[in-house]
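The shown structure was predicted, so the numbers you read here are calculated from the model rather than taken from an experiment. Numbers here simply count residues along the sequence, with the first being 1. Keep in mind that the numbers below use all heavy atoms, side chains included, and drop hydrogens, waters and symmetry copies.
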Amino acid sequence: METDIKDTKVETLGVRSTTFSLLVVDDEVTTRDLCRDVAVDAGLQVYVASTTEEAQEILDQYPVDIVVTDLQVPQAGGLELLKRTRVNNPEIAIIVLTQYGTIATAIEATRLGATDYVTKPFHVEELRTKIDRLIHAIEMDQENRLMREELRSRPGFGGLIGMSPRMQRVYKLIQKVSQHNYPVLILGESGTGKELVARSIHFSGLRKNKPFAPVDCSSLVPTLIESELFGYVKGAFTGAQHSKQGLFEAAGEGTLFLDEIGELPNDLQAKLLRALQEREIKPVGSNERVGIRARVIAATNRDLESAIRTGGFRQDLYFRLNVVQIKLPPLRERKADIPLLVNTFLEKFSDPARPIHSISEDAMRRIMSYDWPGNIRELENAIERAVALGSGPILHVGDLPSNLQYASSEKLADVDELVPLETLERRAIFRALQETSGDKLAAARLLGIGKTTLYRKLKQYEAGRPQA
C-alpha cells in the first residue's frame with residue numbers, strides 16, 4: 001500500500017498571523033482529500049496519514065494543533081489514537097469522524113477527550129465550521145495564556161485576578177492609560193478592586209518608581225481633608241505646631257489616588273478642581289502657592305451622574321476627572337472568574353500544617369449560584385472563614401458561611417405557569433453560556449455539570465432531538 005503521508009505547506013495570504021497545523025487520519029482517500037481541502041482553505045498547514053502508526057509518527061515529529069481522525073482507521077484504531085494523544089499531547093484538539101448510526105461510539109470518544117465529532121457522510125460546511133471554531137478557541141487560549149503570563153510577570157497586575165472577557169478589557173485599558181499622564185476615573189461597586197486597578201496603572205506605567213499616595217475621602221472628617229490633601233503651615237490652626245506637606249505635594253511626580261471621591265464635600269470639590277486646572281495648590285494658612293506634578297486617579301462606588309443631577313457633585317470636576325473611565329464589573333457579571341478566584345484564595349489562606357487543596361463540586365455550585373453583593377471582598381472573606389473552619393483537604397458546603405449553605409442553587413423562572421423540566425434545563429444551559437461569553441468549560445462549572453454532559457446536551461439541541 002502506498003504511503004500517504006504528506007507535508008503540505010500552506011500560503012495563508014495574510015489571513016492569519018500564525019499558521020496552525022492539522023493532521024487528517026483516514027484510510028479513505030476521498031475523505032482524506034476532502035478534509036485536507038477544507039483545512040487548506042482555512043489557512044492551515046496540513047499533514048495526512050492513513051493509519052494510526054503513520055499518524056503517531058507525524059505527531060512525534062511535527063507540531064500539530066488539531067487532529068481529524070476516523071474511528072475505524074486501520075491498525076490501533078481511532079479511539080486508541082485518541083487515548084495516546086490525550087496522554088502525550090493533551091493540548092491538541094481532536095475531531096472524530098464516525099459513521100452514521102454509531103453515535104454511541106462518538107459519545108464515548110467525547111468522554112475520552114475528543115473535542116467534537118462529525119458524522120459521515122458529512123457536509124463540507126459542517127466540518128469547516130467546526131474547524132473554524134477550534135481555530136478560534138486555540139487563538140483565544142493562546143491569547144489568554146499570554147495574558148496570564150503577562151499578568152504574572154508584571155507587578156502592577158499582581159493583585160488583579162480573572163480572565164473573563166470583561167476583565168481582559170479592563171487589563172487592556174490599564175495597559176493603555178498606564179503609558180500616559182491624564183486623569184483616570186475608576187467606577188465600581190464596593191469590593192470590586194478599584195484600588196488594585198489604580199495601583200496597577202501606577203506600577204505598570206511611567207511613574208512606577210515614584211510614590212503612590214492613596215487617600216480615602218470617606219474616612220476623613222471634612223475639616224481634615226483639605227489639610228490632608230494640600231498641607232498646612234505652622235500656626236494655620238490650633239495644634240499646627242509645624243508645617244506639613246499635603247498628599248498632593250508628597251506624591252511628587254508619582255500618583256495621588258483619591259478613593260471614594262464621591263464623598264468629597266462640595267466646597268473641597270471646588271478647591272480640588274482649581275488645583276487640577278492650575279496644577280498648583282495653596283496649603284492651609286499660607287499665601288504661597290505650590291506647584292504640583294502628581295497624576296490624579298479617582299475612584300467611587302457612587303453614581304456620579306445622578307449626584308450631578310441632584311447637586312451632590314460638581315459637573316466640571318467630573319469632566320476634569322473623567323478623561324478616561326474604567327468601569328469594574330461586579331462579580332455577579334463575571335462569574336466565569338469565580339473558580340480562579342476561589343482557588344487563589346484557597347492557596348492564599350491555606351495553613352501549611354492543615355492545607356486545603358480543593359473544593360467540592362457542591363460547594364462550588366453554591367458559590368457560583370450566589371450573587372455576591374460584596375463582590376470579591378465578600379468572596380475572599382467567605383473563603384478565609386471556610387478555610388479556618390474546614391477540617392480536611394477538601395472544602396465542603398458545611399464549611400461555607402450560612403448564607404451560602406442555605407442559598408437556593410436554582411433560580412426559578414419569573415412566570416406563574418408550570419414549565420417542563422426539559423425547558424428549564426435548556427434555558428439554564430443557554431443562560432450559563434451567555435453569562436460566560438460562550439466559554440463551555442466555564443458554563444459547565446457554573447451549572448455544576450461535566451463538560452461532556454454539556455457538549456452532549458448542545459448536540460441534542462442542534463440536532464433538534466429530544467433529550468435522553
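- Annotation: Glu126, atom CD; neighbour count of heavy atoms from other residues, nucleotides and ligands within 6.0 Å is above 12.
- Rounding to the nearest 0.5 angstrom, the gap separating the CG atom in Leu206 from the CD atom in Gln179 is 5.0 Å.
- For the atom pair CD1 (Ile174) and CZ (Arg169), the distance works out to 13.5 Å, reported to the nearest 0.5 Å.
- For residues 66-80, the salt bridge (charged side-chain N to carboxylate O under 4.0 Å, His left out) pairs, not counting sequence neighbours, are Asp70-Lys120, Glu80-Arg84.
- Using a 4.5 Å cut-off on side-chain heavy atoms (C-beta onward), Ile95 and Thr115 make no contact.
- Side-chain atoms of Leu112 and Lys83, non-hydrogen and from C-beta on, do get closer than 4.5 Å to each other.
- Shown here are the salt bridge (charged side-chain N to carboxylate O under 4.0 Å, His left out) partners of Lys348, two or more places apart in sequence or in another chain: Glu380.
- Contact annotation: the side chain of Tyr117 approaches that of Thr110 to within less than 4.5 Å [non-hydrogen atoms, C-beta and beyond].
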Take Leu59 and Ile92, measure what side chain to side chain contact (heavy atoms under 4.5 Å, CB included) needs, and give me the verdict at the end.
CA-CA 10 Å; Leu59 290 170; Ile92 294 178; 3.8 Å; yes

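- When all heavy atoms of Thr344 and Leu340 are compared, the closest pair comes out as OG1-O, 2.8 Å.
- Within the 4.5 Å cutoff, no side-chain heavy atoms of Asn89 are placed close to those of Val64.
- In this model, a donor atom of one side chain and an acceptor atom of the other lie less than 3.5 Å apart for Asp60 and Gln56.
- Judged by distance alone, the side chain of Gln75 and the main-chain N or O of Glu53 form a donor-acceptor pair under 3.5 Å.
- Leu44 places a side-chain heavy atom less than 4.5 Å from the side chain of Ile131.
- Here Ile394 contributes atom CD1 and Ser360 contributes atom OG; the two are 7.5 Å apart, rounded to the nearest 0.5 Å.
- Not a single donor-acceptor pair under 3.5 Å links the side chain of Asp41 to the backbone N or O of Val38.
- Residues Lys457 and Ile449 form no side-chain contact, since every pair of their non-hydrogen atoms from C-beta on lies 4.5 Å or further apart.
- Side-chain atoms of Arg334 do not come within 3.5 Å of backbone N or O of Ser164 as any donor-acceptor pair.
- Checked by atom type and distance alone, the side chain of Tyr171 pairs as donor or acceptor with a backbone atom of Gly162 at under 3.5 Å.
- When every heavy atom of Ser200 is checked against every heavy atom of Leu160, the shortest pair comes out as OG-CD1, 3.3 Å.
- Contacts classified as salt bridge (charged side-chain N to carboxylate O under 4.0 Å, His left out) and involving residues 207-217 (residues at least two apart or in different chains) are given here: Lys210-Glu253.
- One N or O on the side chain of Asp303 and one on the backbone of Ser306 form a donor-acceptor pair closer than 3.5 Å.
- In terms of modelled atom types and a separation under 3.5 Å, the side chain of Arg36 and the main chain of Tyr47 share no donor-acceptor contact.
- When atom types are taken as modelled, the side chain of Ser21 and the backbone of Pro63 share a donor-acceptor pair closer than 3.5 angstrom.
- Taking CD of Gln72 as the reference point, atom CG of Leu79 lies at 8.5 Å (rounded to 0.5 Å).
- Using modelled atom types, no side-chain atom of Lys194 and backbone atom of Ala298 make a donor-acceptor pair closer than 3.5 Å.
- Within the model, atoms CD1 of Ile367 and CD1 of Ile338 stand 8.0 Å from one another, a figure rounded to the nearest 0.5 Å.
- Side-chain atoms of Asp337 come within 3.5 Å of backbone atoms of Met163 as a donor-acceptor pair (strictly under, hydrogens ignored).
- In summary, of the residues considered (Ser190, Pro401, Pro373), a side-chain contact (heavy atoms from CB on, under 4.5 Å) with Glu378 occurs for Pro373 alone.
- The backbone N or O of Gln175 lies less than 3.5 Å from a partner atom in the side chain of Ser178, making a donor-acceptor pair.
- A pairwise comparison of heavy atoms in Ala363 and Leu400 identifies O-CD1, 3.8 Å as the closest pair.
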What pairs of donor and acceptor atoms, side-chain ones from residues 322-331 against any protein atom, are under 3.5 angstrom apart with sequence neighbours left out?
{"from": "Asn322", "atom 1": "OD1", "to": "Gln325", "atom 2": "NE2", "distance (Å)": "3.2"}
{"from": "Asn322", "atom 1": "ND2", "to": "Tyr318", "atom 2": "OH", "distance (Å)": "3.3"}

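- Residues in residues 175-198 take part in these ring pair (Phe, Tyr, Trp, His ring centres under 6.0 Å) pairs, two or more places apart or across chains: His180-Tyr182.
- Atom CG of Leu185 is separated from atom OG1 of Thr300 by 7.5 Å, given to the nearest 0.5 angstrom.
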Derivation and outcome, side chain to side chain contact (heavy atoms under 4.5 Å, CB included), residues Thr69 and Leu82:
CA-CA 9 Å; Thr69 180; Leu82 170 61; 5.8 Å; no

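- With sequence neighbours excluded, the residues that form a salt bridge (charged side-chain N to carboxylate O under 4.0 Å, His left out) with Glu189 are Arg332.
- Between His202 and Phe212, the ring planes are tilted. Angles from 30° to 60° get that label.
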